[in-house]
> 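For reference, the structure I am asking about is given below.
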Amino acid sequence: MYQILVADAIKPEGLGPLLESPKVHLIEKTVVEAKHQLHEIDAILVRSATTVTEELISSMPNLKIIARAGVGIDNIDVPAATKRGIVVVNAPDGNTISTAEHTFAMMAALMRHIPQARASLKNGEWKRSSFIGTELYGKNLGIVGMGRIGSEIAKRAKVFGMDVLVYDPFLTSDRAKKMGVTSLELAKLLTLADIITVHTPLTPETRNLINKKNLLTCKKGVYLLNCARGGIINEEDLYELIIKGHIAGAAIDVFAEEPPLGHQLLELDSVIATPHLGASTKEAQLNVATQVAQEVLSFLNGNPVTSSINLPAISKEVFAKVQPFYELIKQMGSIVSQSMPEGIHEITVNYAGEVLDFDTSILTKSLLSGFFKSRLDVPVNEVNAFLIAKERGLTIGEKTSHDTFGYSNFITVTAKGDNRQLGISGTYVDHYGSRIVRLNDFTIDFHPEGNLLYVQHMDRPGVIGRVGKILGDHGENIATMQVGRKQAGGEAIMLLSFDNPLSDDILRKLKQLDDITFLYRITLHGS
Ligand SMILES: NC(=O)C1=CN([C@@H]2O[C@H](COP(=O)(O)OP(=O)(O)OC[C@H]3O[C@@H](n4cnc5c(N)ncnc54)[C@H](O)[C@@H]3O)[C@@H](O)[C@H]2O)C=CC1
Ligand SMILES: O=C(O)CCC(=O)C(=O)O
């Protein structure tokens, strides 16, 4: 039973997929309330109230997936999660419309002083001339960050007759053209805009992106909006320039520190604010809760996730097609690791045939997870595979070729160790399964599963019999056996499989036999 901690207020109606699963137990508590259960948590679901720090992650040794019911992942230590092999998912588009509409509502309210007028009216006043507004029509709206939310705002602004100027270093000119917006450098946008709204993530690059220095280049009387993340616009600089009359007003939904108790911006009449409400609609909350619930369940059921921050996105359909190769190469990684019990500094994978229809980096990561499994205590998966390889000084190479040796697909892994080199080739055959077809240049054919013994020896009369005798004397029943050689009297191999792993004692006795070059016990768990 998977233990899932729902640490923030996530719409219960959206958690249906999890509530209906017999494999899942939901714990609806804050991290503090659940402090004695953290060691058993498999998945954690958060909004923005919980900060998932490295310390919190390390207090959950079973944690497999962190789900953010929203877009921004600045409250999650993604590098710490990645290092531990923990998948991080979010709900990237569930609250786009809500946040775009909220931003637009804030812009209209800001320009027409709606909150201030409402407060005055409530005080029994009727001061119509104090609340003269400014039309949106014909104004230059500067959008910084033209992703999902920025794009939805642009659409709405155009309908209102605004001219839309955008700054986004990752926006292509084609897309800008299609959207009917003018793409500019930030410096230029700031000098031309009447209203500026930011919609980037909060990153080291975007923190203080809008600051005193560049705000002073804006038109006098400019309006600012931040419904993305506190800190993208420097709050102190904003305050100072409003006080000085350079900025006419601001609409703020998000603060560098939340809640912003006693914040100086909240004292200003020309600042309107909401308590991080961008995504707070019934629709958005249902969307994001459903999206993350489905993602978490899919992941725990061994299926791919579609909106991971630290995993390549892969659809269910593609995953179903790639899965046989994924399992094959994981077993190949495990064989390499177990049959070369020494320092390995380089692994190269050569992909050939129909396997090239897929993103082979996913397969290389699967290879590494199989390789590291018998070497490391930490779980190694597609999330942290390359990171761990780099940390351990293991160089990974990927090659492709057309040579499939008569198979429809062919994968060869070559590992270079401190003392020797190993080559292994495998293929997936429809209706037949995974096959290892070459090992150290010996042609062979076996299904990579179970308890195996790999013996490399000289091709001399009696070797096979002597090996069989020791096994028989110890009551070991050989389930399958394969032999191969390159030339008569030269090097040869035996690959045997057993119902149970062989004991250390048997291995020791086998190693002492004449003509045995080396042998390794390989245990491959079924996938
Ligand atoms: N107030 C609220 O409740 C909500 C706030 N948000 C915030 O809004 C942000 C944007 O959300 P989406 O549009 O869904 O994300 P998105 O990923 O679709 O768009 C972000 C855009 O910012 C651009 N960008 C990145 N670095 C930039 C830089 N240095 N300068 C200019 N542009 C840059 C990217 O190219 C991308 O187009 C989220 O990261 C989140 O922090 C999101 C949802 C709700
Ligand atoms: O959970 C929330 O309401 C915050 C939404 C948000 O800021 C986001 O999705 O990035």
Side-chain angles (χ1 to χ4, degrees), residues 6-17 45-50 67-76 89-112 114-115 118 136 141-160 162 164 166 168 179 181 195-202 206 223-233 250-255 258-260 271-296 306-307 309:
V6 182
D8 289 340
I10 293 179
K11 206 170 174 65
E13 293 88 321
L15 297 177
L45 272 62
V46 298
R47 276 175 68 186
S48 50
T50 300
R68 161 72 165 101
V71 185
I73 35 109
D74 43 298
N75 59 325
I76 295 168
V89 293
N90 70 350
D93 52 14
N95 60 27
T96 302
I97 299 295
S98 279
T99 311
E101 286 185 359
H102 189 72
T103 308
F104 223 84
M106 290 287 265
M107 183 157 60
L110 176 70
M111 307 299 281
R112 302 305 291 267
I114 292 171
R118 152 77 166 96
L136 298 178
L141 174 64
I143 302 180
V144 178
M146 190 62 175
R148 287 173 291 257
I149 296 169
S151 302
E152 288 299 327
I153 289 166
K155 281 189 210 162
R156 284 154 181 77
K158 282 164 60 67
V159 175
F160 269 66
M162 303 180 86
V164 181
V166 304
D168 188 323
M179 298 277 315
V181 298
I195 304 165
I196 297 162
T197 184
V198 294
H199 298 284
T200 68
L202 179 66
T206 62
Y223 288 90
L224 268 291
L225 285 100
N226 187 356
C227 293
R229 276 296 177 275
I232 299 172
I233 302 176
I252 312 286
D253 182 47
V254 286
F255 294 83
E258 294 179 357
V271 171
I272 65 167
T274 44
H276 202 148
L277 292 185
S280 292
T281 58
K282 295 182 207 94
E283 295 85 351
Q285 286 314 305
L286 183 61
N287 289 343
V288 295
T290 312
Q291 279 178 11
V292 291
Q294 278 164 348
E295 285 286 76
V296 168
T306 52
S307 60
I309 307 301

> Please test Ile76 against Asn90 for side chain to side chain contact (heavy atoms under 4.5 Å, CB included), starting from the C-alpha separation and ending with a verdict.
CA-CA 11 Å; Ile76 295 168; Asn90 70 350; over 6 Å; no

> What's the spacing between Met106 CE and Asp253 CG if we round to 0.5 Å?
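Rounded to the nearest 0.5 Å, the CE-CG separation comes out at 5.5 Å.
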
> Checking Ala284 now: which residues fulfil side-chain contact (heavy atoms from CB on, under 4.5 Å) with it, not counting sequence neighbours?
Asn95, Ser98, Thr281

> Checking side chain to side chain contact (heavy atoms under 4.5 Å, CB included) between Val144 and each of Ile196, Val166, Asp168, which is the one that passes?
Ile196

> Give, for atom CZ of Phe255 and atom CG of Asn226, the distance between the pair rounded to the nearest 0.5 Å.
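The CZ atom of Phe255 sits 9.0 Å away from the CG atom of Asn226.
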
> Write out all pairs satisfying salt bridge (Lys or Arg N to Asp or Glu O under 4.0 Å) with one or both partners inside residues 281-296, taking only residues at least two apart or from two chains.
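Listed by first then second residue: nothing to list.
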
> Testing the basics here: between Asn287 and Gly94, what is the closest heavy-atom pair and its distance to 0.1 Å?
ND2-O, 3.0 Å

> List the residues meeting salt bridge (Lys or Arg N to Asp or Glu O under 4.0 Å) with Glu101, not counting sequence neighbours, and say none if there are none.
none

> Under the 3.5 angstrom rule, does the side chain of Thr206 hit a backbone N or O of Pro201 as a donor-acceptor pair?
yes

> At their closest point, which heavy atom of Ile10 faces which heavy atom of Ala289, and how far apart are they?
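What the structure gives for the nearest pair is CG2-CB, 3.5 Å.
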
> Starting at CE of Met111, measure out to CG of Leu225 and round the result to the nearest 0.5 Å.
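Spacing of CE (Met111) from CG (Leu225) equals 9.0 Å.
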
> Considering only heavy atoms from C-beta outward, does the side chain of Ile195 approach that of Leu110 to under 4.5 Å?
no

> Is Ser307 close to Gln291 at the side-chain level, that is, under 4.5 Å between some pair of heavy atoms?
no

> Are His199 and Thr103 packed together at the side-chain level, in the sense that at least one heavy-atom pair is separated by less than 4.5 angstrom?
yes

> Could you pull out all residues at least two apart from Thr290 that satisfy side-chain contact (heavy atoms from CB on, under 4.5 Å)?
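For Thr290, the residues satisfying side-chain contact (heavy atoms from CB on, under 4.5 Å) (neighbours in sequence not counted) are Leu286, Gln294.
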
> Please determine whether side chain to side chain contact (heavy atoms under 4.5 Å, CB included) holds for the pair Met162 and Met107, giving the CA-CA distance in whole Å, both sets of side-chain angles, and the decisive distance to 0.1 Å.
CA-CA 12 Å; Met162 303 180 86; Met107 183 157 60; 4.2 Å; yes

> Within the side chain of Arg47, is there an N or O that forms a donor-acceptor pair under 3.5 Å with the backbone of Ala9?
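Yes.
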
> Check whether any side-chain N or O of Gln285 sits under 3.5 Å from a backbone N or O of Ala279 as a donor-acceptor pair, and report yes or no.
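Yes, Gln285 side chain to Ala279 backbone: donor-acceptor pair under 3.5 Å.
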
> Can you tell me if Asp8 and Thr50 form a side-chain donor-acceptor pair at under 3.5 Å?
yes

> Looking at Ser48 and His276, what are the two nearest heavy atoms and their distance?
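Scanning both residues completely, I find the closest heavy atoms to be OG-CE1, 4.1 Å.
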
> Looking at Ile143 and Gly150, what are the two nearest heavy atoms and their distance?
CD1-O, 3.6 Å

> Looking only at heavy atoms, what is the nearest atom pair of Val292 and Ala67, with distance?
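So the minimum-distance heavy-atom pair works out to CB-CB, 3.9 Å.
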
> Partners of Arg229 by salt bridge (Lys or Arg N to Asp or Glu O under 4.0 Å), sequence neighbours excluded?
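By the salt bridge (Lys or Arg N to Asp or Glu O under 4.0 Å) rule, Arg229 matches Asp74.
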
> Looking only at heavy atoms, what is the nearest atom pair of Phe104 and Ile153, with distance?
CE1-O, 3.9 Å

> How would you list, by chain and number, every residue that makes a salt bridge (Lys or Arg N to Asp or Glu O under 4.0 Å) with Arg156, sequence neighbours excluded?
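Once residues adjacent in sequence are excluded, the partners of Arg156 under the salt bridge (Lys or Arg N to Asp or Glu O under 4.0 Å) criterion are Glu152.
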
> Hey, mind stepping through Val71 and Thr99 against side chain to side chain contact (heavy atoms under 4.5 Å, CB included) and telling me if it holds?
CA-CA 11 Å; Val71 185; Thr99 311; over 6 Å; no

